[in-house]
Enquirer: 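Below are the structure tokens for one structure; questions will follow.
Because the structure is a prediction, the values reported are computed rather than measured. Quick note on labels: first sequence line is chain A, next is B, and so on, each numbered from 1.
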2 protein chains.
Amino acid sequence: MTFSEENYLKTIYHLTTASDSEVSTNAIAERMETKASSVTDMLKKLAEKDLVNYKKYQGVSLTSAGKSEAKMIVRKHRLWEVFLVEKLDFSWDEVHDIAEQLEHIKSEQLINKLDDFLDNPTEDPHGDPIPDREGRIVKIEKQLLSELSENQVGVCVGVKDTSSEFLKYLDKQEIALGSKIEFLSRESFDLSLRIRVDKKELTISNKIASNLFVKLL
Amino acid sequence: MTFSEENYLKTIYHLTTASDSEVSTNAIAERMETKASSVTDMLKKLAEKDLVNYKKYQGVSLTSAGKSEAKMIVRKHRLWEVFLVEKLDFSWDEVHDIAEQLEHIKSEQLINKLDDFLDNPTEDPHGDPIPDREGRIVKIEKQLLSELSENQVGVCVGVKDTSSEFLKYLDKQEIALGSKIEFLSRESFDLSLRIRVDKKELTISNKIASNLFVKLL
DNA sequence: ATTAATTTTTAGACAAAACTAAAAATTATA
DNA sequence: TATAATTTTTAGTTTTGTCTAAAAATTAAT
Ligand SMILES: [Mn+2]
Ligand SMILES: [Mn+2]
Ligand SMILES: [Mn+2]
Ligand SMILES: [Mn+2]
């Protein structure tokens, strides 16, 4: 399997699990910053290998073989991110691009030994679940901070947007995985939220709140 | 720089440092298990980028830019091998192929953090020197076991052949880096050697002895 | 010094993965 | 429902890295 094929599978996996339906050629092209015609070419190749279900003009989905390949790539990506943060002391906004490369290293033994070395983590530095060696994923109960109602209290357990920009903003506000977050009030004019993070009160926009996952206490 | 370009540079580096002279198209082709015509194509491209000195039919050598690129790839290869053995508990005969992949990961920050995480090792699991972040190499005094004379004593500090086959043979004979090796006698008929490894005496062929580096005590 | 053998380069082809431009199919709109 | 807009596919190129077969240069052997 080539890097390119793996990247397509991973993208289709993310798009289908997000929307829970067939995914369009254009959606893939946009996500991968490539042209629709290139996507079509690749879909034919992946269909030939029975990794995707593809019928012209009908959108695409992963076969079970394709899904399990995709999960293994996601597993590798997230385990390497844990390694980079936990062992090499990278910050959570620096690891994605390096993991994009490391996820393509081929060795089942390597990834399983890495998994053990890291004490079999179930979530990556951004709170995303890590599939185990059989591809099983432990889903945790979580919801967007923006969906809470006043006076509810939760713990920050993940981010939806994993861009370096957003993560650095969170660092600046001292919001991290594990932070206790109390929803104090909502400003109806612009939907901004007044929250308390650990001891400190601050105001955040609705855009911020809708990219933060919390687990209710 | 592509994987392929990196692999060519690394091969030219190894061949030129071994023979200390220009290297031929055929030598590169043989080492890389590819065709001479493919090598010629690549040499033109590398010359265009000023990474090699190349004149038709005259053999090739690395420019200083090419040499420093090559050393960085070797540095990455060997640091990853240390990681695999020291942290992930691989044995020394299992790490080469995985390191062949890992050496192409692009991130200076990654490799320097890995270096620190491993406590800045100067040799890899096979006794080969690891260039530091400026490309400097600390050469250690070593010679082939086959070149010793009777009754000389040394410590095993490296292997010339790093094939899995040879390394497993050494494991079986309980010869490892750090083993004390005494040259007892030489059988003139087949050049085989009688040696003592730590406490145990054994006979090894000249071929084995000429693939083991020792440092005299 | 020719001729023969070997090495190296060139010429032309191919597969992978991308692109542009144009055609075809689908979906939306009047 | 006919037409317009959008999406998707096809057709034809390009780049990278490989290959085979043949030509050219170098080296070895009569
Ligand atoms: Mn990531
Ligand atoms: Mn992540
Ligand atoms: Mn190696
Ligand atoms: Mn090594």
Enquirer: Separation of B/Leu43 atom CG from D/dG17 atom C1', in whole Å?
Expert: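 My rounded result for the distance is 13 Å.
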Enquirer: Tell whether B/Ser37 reaches the base of D/dT18 with its side chain through a donor-acceptor pair below 3.5 angstrom.
Expert: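 Per atom types, no contact qualifies.
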Enquirer: With heavy atoms under 4.0 Å as the rule, sort A/Ser4 into base, sugar-phosphate or nothing.
Expert: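 Answer is sugar-phosphate: A/Ser4 comes under 4.0 Å of backbone atoms only.
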Enquirer: Looking at C/dT10, I'd like to know if its phosphate oxygens (OP1 or OP2) sit under 4.0 Å from a side-chain N or O belonging to B/Lys56.
Expert: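 Result: yes.
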Enquirer: Check whether any side-chain N or O of A/Tyr8 sits under 4.0 Å from OP1 or OP2 of C/dA16, and answer yes or no.
Expert: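 Checking C/dA16 against A/Tyr8, no side-chain N or O comes under 4.0 Å of OP1 or OP2.
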Enquirer: B/Asp41 has an atom CG; how far is it from atom P of C/dT9, in whole Å?
Expert: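 Whole-Å distance recorded here is 10 Å.
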Enquirer: Has B/Thr2 got a side-chain N or O lying under 4.0 Å from the OP1 or OP2 atom of D/dG17?
Expert: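 Answer yes for this pair, as a side-chain N or O of B/Thr2 is under 4.0 Å from OP1 or OP2.
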Enquirer: Within this structure, what is the CD-to-C1' distance between A/Glu48 and C/dA15, rounded to whole angstrom?
Expert: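 The answer, rounded to whole Å, is 15 Å.
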Enquirer: Please state whether the rings of A/His104 and A/Phe3 are parallel, tilted or perpendicular, taking 30° and 60° as the class boundaries.
Expert: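 Taking A/Phe3 first and then A/His104, their aromatic rings lie parallel (interplane angle under 30°).
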Enquirer: Using atom CD of B/Gln58 as one end and atom C1' of C/dT9 as the other, report the distance to the nearest whole Å.
Expert: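 Those two atoms, CD and C1', are 13 Å apart.
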Enquirer: Rounded off to whole Å, could you give me the NZ-to-C1' distance for the A/Lys55 and C/dA25 pair?
Expert: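 Atom-to-atom, A/Lys55 to C/dA25, this comes out as 16 Å.
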Enquirer: For D/dC19, take OP1 and OP2 only and decide whether either is under 4.0 Å from a side-chain N or O of B/Thr34.
Expert: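 Checking B/Thr34 against D/dC19: at least one side-chain N or O falls below 4.0 Å of OP1 or OP2.
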Enquirer: Nearest heavy atom decides the nucleotide; on that basis, is B/Val39 or A/Glu33 closer to the 5' end of DNA chain C?
Expert: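 Result of the comparison: B/Val39.
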Enquirer: For a quick test of reading the model: is some side-chain N or O of A/Asn26 closer than 4.0 Å to OP1 or OP2 of D/dT6?
Expert: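 No.
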Enquirer: For C/dA23, take OP1 and OP2 only and decide whether either is under 4.0 Å from a side-chain N or O of A/Tyr57.
Expert: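 No.
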Enquirer: Just how far, in rounded Å, is P of D/dG17 from CG of B/Leu46?
Expert: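 Value for this atom pair: 9 Å.
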Enquirer: Taking any heavy-atom pair under 4.0 Å as a contact, classify A/Phe3: base, sugar-phosphate, or nothing.
Expert: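 Since no nucleic acid heavy atom lies under 4.0 Å of A/Phe3, the category is nothing.
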Enquirer: How close or far is atom P of D/dT16 from atom CD of B/Glu6, stated in whole angstroms?
Expert: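 It works out to 16 Å between those atoms.
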Enquirer: When you check the phosphate oxygens OP1 and OP2 of C/dA17, does a side-chain N or O of A/Lys35 lie under 4.0 Å from one of them?
Expert: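 False: A/Lys35 side-chain N/O out of range (4.0 Å or more) of C/dA17 OP1/OP2.
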Enquirer: Do B/Ser91 and B/Asp93 pair up side chain to side chain, a donor and an acceptor below 3.5 Å, judged on atom types alone?
Expert: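 There is such a pair between these side chains.
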Enquirer: Strictly below 4.0 Å, N to O, side chains only: are A/Glu22 and A/Lys55 in salt-bridge contact?
Expert: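 No, A/Glu22 and A/Lys55 are not salt-bridged.
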Enquirer: Strictly below 4.0 Å: does B/Lys45 bring a side-chain N or O up to OP1 or OP2 of D/dG17?
Expert: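 For D/dG17, OP1 or OP2 has a side-chain N or O of B/Lys45 closer than 4.0 Å.
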Enquirer: On the ring face of B/Tyr8, is B/Lys45 found with NZ or CZ under 6.0 Å from the centre and within 45° of the axis?
Expert: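 Here B/Lys45 fails the 6.0 Å and 45° test against B/Tyr8.
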Enquirer: I'd like to know if A/Asp116 pairs up with A/Arg133 as an ion pair, taking the criterion as any Lys NZ or Arg NE/NH1/NH2 lying under 4.0 Å from an Asp or Glu carboxylate oxygen.
Expert: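 Yes.
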Enquirer: Does D/dT18 have its OP1 or OP2 closer than 4.0 Å to a side-chain nitrogen or oxygen of B/Ser38?
Expert: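 For B/Ser38, the contact criterion (side-chain N or O under 4.0 Å from OP1 or OP2 of D/dT18) is not met.
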Enquirer: Would you mind telling me which residue lines up with the more 5' stretch of DNA chain C, A/Met42 or B/Ser24, judged by nearest nucleotide?
Expert: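 Counting from the 5' end, the first nearest nucleotide belongs to B/Ser24.
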Enquirer: Could you give the CG-to-P distance, from B/Asn7 to D/dG17, as a whole number of Å?
Expert: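 It works out to 11 Å between those atoms.
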Enquirer: Can we say A/Glu94 and B/Lys113 salt-bridge, meaning some charged N sits less than 4.0 Å from an Asp/Glu carboxylate O?
Expert: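 Salt bridge: no.
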